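Input: a single structure, listed below in structure tokens.
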Amino acid sequence: MVPIPRLKSVPAAMTALLGLGLAFSQPPQAHADESPRQVIESTTDAVLAVLADSSLSTEEKRKRVEDIASARFDFDTVSKLVLARNWKRLTPEQQTRFVQEFRKHLSMTYGRNVEQYNNERAEVVGERAEPDGDWTVKTRIIRPKGGEPILVDYRLRKFGNQWKVIDVIIEGTSLVANFRSQFQEVVSRDGPEKLIQLLEEKNARGEPIGQPPGTRSERLAAPRDGASS
Amino acid sequence: MFAFNDTVDTYALEPVAKAWDKVVPDRVQQSIVNLFQNVYTPLVALNNLLQGKPHAMAVDTARFLANSTFGVLGLFDIASTWGLEKHDEDFGQTLAVWGVPAGPYLVLPFLGPSSPRDAVGYGVDSLATVYWFFTDIRFTVGPQTVQVINNRAQVLDAVRELKAASVDYYAAVRNAYLQRRAAQIEDRRDAATVNDDLYRVEE
């Protein structure tokens, strides 16, 4: 609290990132007409099953959690939100590349957390409708290892008959807002092409150890159903 | 200054915290966190009073009494299990509640992200705590060092992850700090209800 609040306050919110891998899962088929709450609940259950499955290797778990994150976000919308006004500064070709790289970046972020899984549990603690038609589902990650539960809110938007996640808010800190501020900085300083390059480099460096070069990138780069509706 | 802090962290604080994390069991680390939080609870209570939240102040006082006795000098946060909710207050937040503007974003040497308002708040809090609980400098350095290392050990994974997940680490930290402080001042740990244009897609 007091002596190093500045140092601690920033990562404290981000500590919750560790728990993020918990929250998304891809049921074999995302069910149409699931309520936002059901979307979060069913995915949470499925991810916990993956994480608790001792027959899966870390790499298999990581892949599954990545797929889950990938399927539950609407990356087109998230990309437009994080770039805000800068979205229109990108050529259509750059927009496509950006969505692809950003999607990869986020999925890998979730996948990495598999290794840090410590028997956390997640539970839905509330929900609310937003004025613009979005829906917020409030969850809590309970850490048996000790420490306070982490509050994670998901903002969902309806596309067709499916609710998709468009933001994750950890202890009051919105990922969309955080990425927007980072991307604004890079784009205004070095232009949109540099931002895409940075993401590409970051994603390439993020290759997990022991993974044959190339295969993972190709797999991740392959378009998936459910990302754009 | 940001680069300076990051260097200090990378070459001094983080390695020490990693070693600490290896040696000190999780339960002990958590007890140290609890111990220091208990020590600062009177300050939290005072800030709640200054912010016109007498109920929160009463809860803090009860927490302090419960944890200092039944919680073995604060090693165990028994009050939370009794439903006495913890509050997160400091003088920087009190100044914000009083209407003092934050001023520009600042990165302080060793202390990290801040603002003129929070820097003043930090100074006031430090004076208050140090003189209440420890009188001699020899008794302040040891505990403070333990606290800094132990706190850093709590966020080893988080900081590594934030670095890995950001394309502009400076901007990521700045934004996380600003959002976090806004949430703390409003006493919320969840999504803000007003989000301006954050969720509007510009076509």
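Since the model is a prediction, treat every value here as computed from it, not as a measurement. In the text below, chain A, chain B and the rest are named by the order of the sequence lines, each starting its count at 1.
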Quick one: do B:Leu198 and A:Leu81 satisfy side-chain contact (heavy atoms from CB on, under 4.5 Å)? Show the steps, please. CA-CA 7 Å; B:Leu198 187 60; A:Leu81 292 178; over 6 Å; no
With a 4.5 Å cut-off on heavy-atom pairs, point out which of A:Asp167, A:Leu199, A:Val176, A:Leu198 contacts chain B the most. A:Asp167
Can you tell me how far CZ of A:Arg157 sits from OH of B:Tyr199, rounded to the nearest 0.5 angstrom? 9.0 Å
Rounded to the nearest 0.5 Å, what separation is found between the CZ atom of B:Arg181 and the OG1 atom of A:Thr173? 12.0 Å
Charged N-O contact under 4.0 Å between B:Asp197 and A:Arg85: no
Has B:Phe70 got more than 12 heavy atoms of other residues, nucleotides or ligands less than 6.0 Å from its CZ? no
Would you say CD of A:Glu123 has more than 12 non-hydrogen atoms from neighbouring residues, nucleotides or ligands within 6.0 angstrom? yes
Taking all atoms of both residues into account, what is the closest heavy-atom pair of B:Arg189 and A:Leu151, and its distance? CB-CD1, 3.4 Å
Kindly give the heavy-atom pair with the smallest separation between A:Ser181 and B:Arg174, and that separation in Å. OG-NH2, 4.1 Å
Proximity breakdown for [X] and chain B, heavy-atom pairs closer than 4.5 Å:
X	result
A:Leu106	neither
A:Arg189	side chain
A:Glu148	side chain

Between the main-chain N or O of [Y] and the side-chain N or O of [X], is there a donor-acceptor pair closer than 3.5 Å?
X	Y	result
A:Gln182	B:Ala171	no
A:Asp153	B:Ala191	yes
A:Asn178	B:Ala172	yes

Name the region of B:Asp26, side chain, backbone, both or neither, that has any atom closer than 4.5 Å to a heavy atom of chain A. side chain
If you count heavy-atom pairs within less than 4.5 Å of chain A, which of B:Ala183, B:Ser166, B:Ala182 leads? B:Ser166
Are the side chains of A:Ile169 and B:Asp190 in touch, meaning some heavy atoms are under 4.5 Å apart? no
